Amino acid sequence: MESIALTLRRAGFGVFVPHQDGLEALVMRFANDPLARHKAAKSVNRFVHRAIFALDIYQIVERCRFLVFNMNGRVPDEGAVAETAVAFAAGKPLVIYKEDHRTEFNGSDNSMITGLSYTFATVSRIPDIPAELLRVEEKLAALGPSPYQGGNIPPHMRGVLDFGRKVWRVLSSVRPGGASPEEGMEKLAEVSDLAGRFSQLAPTTA
């Protein structure tokens, strides 16, 4: 993942890597801190998963121009499959990277996953990813803009995007050098408060 991100940055792309730039990074950084085991942190942890989901959906649908799915592994990562499917439905140019020869079906990958690449193909060399993204973007542009935007996004999805946008603003306020444990817990508490309000609104926006 880091090699892919580095290659994209060198090619001039901005990159969002969930485990480095998302809420996961803040959560995992303080997972073993005594503050995280405090009774007050339990209410925070209860809403973290909702916030992670909303932030990733916001990044995919609204903020990011492309998606790269690292398909390496004995089986594809479940979260990455869901993210790729969302990007496909939103009409985002995407590339599936795989150099791992393990497959599910006697030498072939699941067509429900490889089909998300638009070409039923995967890229096996990291240096080829930037150019392939641009090629896919050009092909999709020739078909016209995706209708999956604005008022055509389902109401509940719009609520998720709004929540994810707010979580991203909170994370963006963490100073570049990284948060102290106290600041980290403050940010998680802020995200938890947002998540709590979102969960109360969710039934009416569904």
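In this text the structure is predicted, and so the values were computed from the model without any measurement.
When side chains are defined from C-beta on, Asn72 counts as touching Glu99, because their heavy atoms get closer than 4.5 Å. Proximity of Tyr148 to Met157: side-chain heavy atoms (C-beta onward) are separated by under 4.5 Å at one or more points. For the pair Leu23 and Leu171, the minimum side-chain heavy-atom distance is below 4.5 Å. In this structure the side chain of Asp56 reaches within 4.5 angstrom of the side chain of Phe16, judged on heavy atoms. Side chains of Val17 and Glu2 form no contact here, defined as non-hydrogen atoms less than 4.5 Å apart.
In the hydrophobic clustering of this structure, Val160 groups with Ile60; members are Ile, Leu, Val, Met, Phe, Trp, Tyr whose side-chain heavy atoms approach within less than 4.5 Å, directly or through other members. Residues Met71 and Val15 are members of separate hydrophobic clusters, defined by side-chain heavy-atom contacts under 4.5 angstrom among Ile, Leu, Val, Met, Phe, Trp and Tyr. No single ILVMFWY cluster, assembled from side-chain heavy atoms under 4.5 Å apart, contains both Met112 and Phe120. Leu67 and Leu133 fall into different hydrophobic clusters, defined by Ile, Leu, Val, Met, Phe, Trp and Tyr side-chain heavy atoms under 4.5 Å apart, directly or through other members. Val167 and Val86 fall within a single hydrophobic cluster, where Ile, Leu, Val, Met, Phe, Trp and Tyr side chains are chained together by heavy-atom contacts under 4.5 Å.
When every heavy atom of Leu94 is checked against every heavy atom of Ala87, the shortest pair comes out as CD2-CB, 4.1 Å. Scanning both residues, Ser146 and Ala90, for their nearest heavy atoms gives OG-O, 3.1 Å. Looking at every heavy atom in both residues, Ile96 comes nearest to Ile113 through CD1-O, 3.4 Å. When all heavy atoms are compared, the tightest approach of Pro76 to Val81 is CB-CG2, 3.7 Å.
Of the inter-residue distances, the one linking His156 atom NE2 with Leu161 atom CG reads 10.0 Å to the nearest 0.5 angstrom. Taken from CG in Leu116 to CZ in Phe69, the straight-line distance is 8.0 Å, to the nearest 0.5 Å. Of the inter-residue distances, the one linking Arg65 atom CZ with Glu137 atom CD reads 4.0 Å to the nearest 0.5 angstrom. Of the inter-residue distances, the one linking Thr122 atom OG1 with Tyr97 atom OH reads 10.0 Å to the nearest 0.5 angstrom. Distance check, rounded to the nearest 0.5 Å: OG of Ser3 to CG of Asn70 gives 10.0 Å. Separating the CE atom in Met1 from the NE2 atom in His19 is a distance of 6.0 Å, to the nearest 0.5 Å.
Classification of Lys166 and Asp162 as a salt-bridged pair holds, one side-chain N sitting under 4.0 Å from a carboxylate O. Between Glu132 and Arg135 a salt bridge is recorded (basic side-chain N to carboxylate O distance below 4.0 Å).
Ring-centre distance between Tyr118 and Phe88: below the 6.0 Å cut-off.
Applying the side-chain hydrogen bond (donor to acceptor under 3.5 Å, both in side chains) definition to pairs two or more places apart or across chains, none involves residues 79-94.
Under the 3.5 Å distance criterion, the side-chain polar atoms of Arg158 are matched with a main-chain donor or acceptor of Ile153.
Under the side chain to side chain contact (heavy atoms under 4.5 Å, CB included) rule, Ile129 has a single partner from Leu8, Leu134, Thr7, which is Leu8.
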